[in-house]
Each structure stands twice: as C-alpha cells, then as structure tokens.
*Asks:* 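After the structure tokens below, expect a handful of questions from me.
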Amino acid sequence: MENKNEIFKILLGKIREIVDKQLSLTRKEKLKAICKLLKENVPYYDWVGFYLVDKTKEKELVLGPFEGSETEHVRIPFGKGICGQAAETGKTFIVQDVSKEKNYLACSPKVKSEIVIPIFKNNEFIGELDIDSHKLSPFTNEDKEFLEKTCEIVSKLL
Ligand code: SME
C-alpha cells in the first residue's frame with residue numbers, strides 16, 4: 001500500500017465523523033461501521049473486530065461487532081491467545097507471523113499475522129481492536145500509531 005499515512009489520515013477523519021456525527025446510529029452500529037471502514041480500505045486488514053471486557057465475568061473478553069468470517073472465539077479469557085495476552089499486558093501486541101506464536105487461537109488457516117490494540121477509558125482497560133491479516137509481516141509503526149489513535153477515538157463510544 002503506497003502512502004499509508006495519507007490513507008490513515010483520511011480514515012481517522014471518517015472514524016471521528018462516525019463517532020461524533022452519525023447521530024442516527026447506535027453504539028453497536030458505529031463500531032460495526034468502523035470495522036467495515038477499516039476492512040474495506042486497508043487491503044491487508046482481512047478480519048476486523050472488537051472484543052469487549054465482560055464486566056459480569058472475571059477477566060474475560062466477549063466478541064463485539066466485527067467484519068469478516070465468523071469466529072468460534074466468541075469468549076476469550078485474559079491470558080489466552082494473542083487477544084488474551086494483550087488484555088493482560090494492556091499493550092499493543094503485533095504478531096507478524098502467527099505460526100511462530102505458541103499462545104495463539106487460530107480462526108482460519110488463511111490468517112498469517114495479527115495486531116491487537118487495547119482500548120482504555122479513564123485508565124481502565126475496557127476492550128480491544130483485533131485485526132487479522134492474510135499477509136505475513138504487513139504491520140508497521142504507521143499501522144500501530146493509526147490504530148492506537150482509532151482506539152482513543154473509539155473509547156468515547158464505550
Ligand atoms: N487469533 C486470536 C483469536 C481471535 S480471532 O483472531 C478473531 C487470538 O489468538 O487471540
């Protein structure tokens with residue numbers, strides 16, 4: 001993808017618009033619209049979804065809105081898989097080659113890499129954005145910065 005930063009800048013504007021201006025959409029619809037926007041505009045984002053902390057359970061994530069194929073991983077305990085590890089550390093977790101990650105929950109054999117970005121509200125970990133790619137090593141620092149900004153904007157919704 002040429003000039004990622006230009007595309008990411010435009011997408012951030014669109015994400016802000018979805019969050020702040022699309023008043024007819026529910027919170028769930030806004031999250032889904034953001035997943036769709038990311039999946040459709042970044043060619044190597046093949047599955048885009050939100051996992052949210054289930055506050056009724058002890059340290060467990062539950063699948064929220066997503067775009068891409070169905071996944072069996074609807075609930076993920078903290079510590080399990082790439083999502084669960086990111087939940088425990090509260091840090092962006094990039095795996096450029098999932099075949100090299102032992103603590104990994106496979107969704108589809110097509111997936112080669114994954115990035116998970118935590119979402120915080122008032123310093124509390126409340127969920128994360130999870131992106132799978134069918135490409136090896138596609139994620140750069142630009143993706144990390146862009147997706148961290150995306151999660152900052154999204155946290156207003158949660
Ligand atoms: N691969 C993730 C599980 C979620 S799916 O990617 C949608 C993991 O290892 O936590």
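Read the numbers this way: they start at 1 and go in the same order the structure lists the ligands and their atoms.
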*Asks:* Determine yes or no for a side-chain-to-main-chain donor-acceptor pair under 3.5 angstrom, with Ser113 supplying the side chain and Val95 the backbone.
*Replies:*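 Not confirmed, Ser113 side chain does not pair with Val95 backbone.
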
*Asks:* Please list all pairs passing the salt bridge (charged side-chain N to carboxylate O under 4.0 Å, His left out) test where one or both residues lie in residues 21-33, with sequence neighbours left out.
*Replies:*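 Sorted result for residues 21-33: Lys32-Glu67.
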
*Asks:* Evaluate the ring planes of Phe146 and Tyr45, with Trp represented by its six-membered ring, and classify them as parallel (under 30°), tilted (30 to 60°) or perpendicular (over 60°).
*Replies:*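 It falls in the parallel class, under 30°.
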
*Asks:* Could you tell me which residues satisfy side-chain contact (heavy atoms from CB on, under 4.5 Å) with Thr92, sequence neighbours excluded, listed by chain and number?
*Replies:*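 Residues passing side-chain contact (heavy atoms from CB on, under 4.5 Å) with Thr92: Ile94, Ile115, Ile117, Pro118, Lys144, Glu148.
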
*Asks:* Rounded to the nearest 0.5 Å, how far does CZ of Phe8 lie from CG of Asn41?
*Replies:*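 Going from the CG atom of Asn41 to the CZ atom of Phe8 covers 10.5 Å.
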
*Asks:* Sequence neighbours excluded, which residues qualify as side-chain contact (heavy atoms from CB on, under 4.5 Å) partners of Thr140?
*Replies:*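 For Thr140, the residues satisfying side-chain contact (heavy atoms from CB on, under 4.5 Å) (neighbours in sequence not counted) are Lys4, Glu142, Asp143.
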
*Asks:* I'd like a table of the close N/O pairs between ligand 1 and the protein (anything under 3.5 Å), one pair per line with both atom names and the distance.
*Replies:*
unit_1, atom_1, unit_2, atom_2, d
ligand 1, 1 (N), Leu105, O, 2.7
ligand 1, 1 (N), Glu114, OE1, 2.8
ligand 1, 1 (N), Glu114, OE2, 3.3
ligand 1, 6 (O), Asp130, OD2, 3.3
ligand 1, 6 (O), Asp132, OD1, 3.2
ligand 1, 6 (O), Asp132, OD2, 2.9
ligand 1, 9 (O), Ile82, N, 2.9
ligand 1, 9 (O), Leu105, N, 2.9
ligand 1, 10 (O), Ile82, N, 2.9
ligand 1, 10 (O), Cys83, N, 2.8

